Number of protein chains: 2
Amino acid sequence: MAHVKGPDHSRRKERSRQAILEATRALVAEEAYEKVTVEAIAARAGVGKQTIYRRWPSKSAVVFAALLALSEDPDGQSVALPDTGDLETDLKLVMRATAEEFADPSFDRLIRALNTEIANDAELAAEYREKLAQPLEEAKKARLRSAQEVGQLDADADLDLVLEVLYAPLFQRWLHRSGPLTAAYADSLVDATLRAFGPRTGVGSTPGELGPVDS
Amino acid sequence: MAHVKGPDHSRRKERSRQAILEATRALVAEEAYEKVTVEAIAARAGVGKQTIYRRWPSKSAVVFAALLALSEDPDGQSVALPDTGDLETDLKLVMRATAEEFADPSFDRLIRALNTEIANDAELAAEYREKLAQPLEEAKKARLRSAQEVGQLDADADLDLVLEVLYAPLFQRWLHRSGPLTAAYADSLVDATLRAFGPRTGVGSTPGELGPVDS
DNA sequence: GAAATGAAACGAGACGGTCCGTATTGCTGA
DNA sequence: TCAGCAATACGGACCGTCTCGTTTCATTTC
């Protein structure tokens, strides 16, 4: 008597759900965002338009869900950054990889669509932060904390600020197409960030008042 | 007989042109961007729709022109940053002012609309860079160069990179609504930037191998 | 067990509404 | 007189709703 509801159509639902999300991703990846229509998604997914609107309230929501699912695929597997023991090495690795990702046209279009959605919708932005950005940031901060423990990063550094100084320039340069995203550029961002937040040159225990370098 | 063309309607043309741009700015400032329609602009400007399309090829172009005109208004007057002689003071002044600007809802909507346009249209982005971003950046770089000359900034620093490290975090935090844009935050960005690109402390400048804490 | 039953979900697509960008029309002002 | 204009009708694209006949599947019936 656990069956309160009627027939179990969950498998059917899941299949069409996946088809819709995959069709959406494919379309966003291969065309300009304005050309992605709900009708096109439905046709590509082999699905009726109503099936889409049964699950999501708007086109924005569908696109957003499709892009969210991109990073949720690997079940519960949480992100983890490389940890060779040397922060500079690890950061350069990650930043170079990030810069390369942005060079891929498909990825470019996907992320541009995502940014357009969240820049103009505070609710979607909050959901994006909660489900995608926060977990990733936590992983990055975990790596930074481990660097703090071995004295490769200022123990007092605000990690949110460190991440922003590190990533925001890359993001802005990509979004505004204001310069090339080369490996050298990625490296120079890491260098700048480490100069700003690297270990204090002084006798570094807990800081606060001691200021041996006063120049 | 310098009049090659017919009757001199230039004053009329100019009047309707200004009316269109002003109506556009008003609408973008007060409503969500999707609600701004060409018909609404025409009605508000007391102008026929065709008059708009006679001058601009698309809605995007009108909106873009309206926002461009925002910063072109003060005739040929070029931008100049404060120069008290102390870079830290000047940068904090500018960064605090920038952070405050973003807090104004009208300004927020205007810049959000502008960013949406240029993020998805490489041509508009190029025009934006040429007509708005570049001149502003040049003014900022001029201030930085003067700081380099008096030894308040590393003479070898890449000024484009300095500006990115300084402004991009603020921009990203605003765009993604990922944190408050306080004066303290503005200051901490200046502090970080100056630690990264400030005058070299001496000979053994670049970090990397010196490791008093090796645990 | 296999066939019949009924409800939920579905594919297809017609429909109203909004908006873009074009075409038409009659007016107006120099 | 006539170029430029406001007003507005229009075609086309798309969104989101609604309808209709069909498919799928748990349950019932033999």
Side-chain angles (χ1 to χ4, degrees), chain A residues 1-24 27-28 30-66 113 116-117 120-121 123-124, chain B residues 1-24 27-28 30-66 113 116-117 120-121 123-124:
Chain A
M1 293 314 162
H3 259 218
V4 185
K5 276 307 191 68
D8 175 18
H9 290 128
S10 57
R11 242 170 305 170
R12 242 178 124 194
K13 286 175 98 160
E14 190 53 27
R15 219 182 311 134
S16 67
R17 200 188 122 88
Q18 288 305 327
I20 291 165
L21 294 180
E22 198 175 315
T24 304
L27 285 171
V28 173
E30 74 196 29
E31 304 211 57
Y33 183 47
E34 317 96 41
K35 295 210 66 184
V36 178
T37 69
V38 175
E39 259 137 12
I41 294 172
R44 177 106 165 210
V47 142
K49 232 198 318 183
Q50 187 60 22
T51 301
I52 294 178
Y53 283 106
R54 247 193 294 274
R55 286 174 176 58
W56 296 280
S58 71
K59 181 190 162 185
S60 291
V62 184
V63 171
F64 186 68
T116 301
E117 297 285 357
N120 292 293
D121 185 328
E123 272 190 40
L124 282 190
Chain B
M1 295 318 146
H3 263 217
V4 186
K5 275 308 192 69
D8 178 17
H9 290 127
S10 59
R11 243 168 303 171
R12 246 174 120 193
K13 285 175 96 160
E14 188 54 27
R15 217 182 312 134
S16 69
R17 199 189 122 88
Q18 288 306 325
I20 291 165
L21 294 180
E22 198 175 315
T24 304
L27 285 171
V28 173
E30 75 195 29
E31 305 211 57
Y33 183 48
E34 317 95 40
K35 296 211 66 186
V36 178
T37 69
V38 174
E39 260 137 13
I41 294 171
R44 178 106 165 209
V47 141
K49 234 197 319 181
Q50 189 59 245
T51 301
I52 295 178
Y53 282 106
R54 216 171 278 135
R55 286 176 177 60
W56 296 278
S58 71
K59 181 191 163 186
S60 289
V62 183
V63 172
F64 186 67
T116 302
E117 297 283 358
N120 291 292
D121 185 328
E123 272 189 40
L124 283 190

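The figures that follow rest on heavy atoms only: side chains count, while hydrogens, waters and symmetry mates do not. Numbered from 1 within each chain, the chains take letters A, B, ... in sequence-line order. Computed from a predicted structure; not experimentally measured.
- Panel note: side chain A:Thr51, backbone A:Val47; no donor-acceptor pair is recorded below 3.5 Å.
- Distances shown here put every side-chain N or O of A:Arg15 at or beyond 4.0 Å from the OP1 or OP2 atom of C:dG11.
- Counting to the nearest Å, the P atom of D:dA6 and the CD1 atom of B:Ile52 are 9 Å from each other.
- The CG atom of B:Asn120 lies 3.5 Å from the OG1 atom of A:Thr116; values are rounded to the nearest 0.5 Å.
- Note: CD1 (B:Ile41) to P (C:dC19) measures 12 Å, nearest angstrom.
- Of the side-chain N and O atoms in B:Thr51, none sit less than 4.0 angstrom from OP1 or OP2 of D:dG4.
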Nucleic acid footprint by protein, nucleotides 9-17 of chain D - heavy-atom cut-off 4.0 Å, B for base, S for sugar-phosphate alone: -----SSBB
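- With 3.5 Å as the limit, one finds a donor-acceptor pair spanning the side chains of A:Arg55 and A:Ser16.
- With sequence neighbours excluded, no residue forms a side chain to side chain donor-acceptor pair (under 3.5 Å) with B:Tyr53.
- Residues A:Ser60 and A:Asp121 bring no donor and acceptor atom of their side chains to less than 3.5 Å of each other.
- Contact check for A:Lys59 versus A:Phe64: no side-chain heavy atoms found under the 4.5 Å cut-off.
- Proximity of B:Arg54 to the phosphate of D:dA3: no side-chain N or O atom is located under 4.0 Å from OP1 or OP2.
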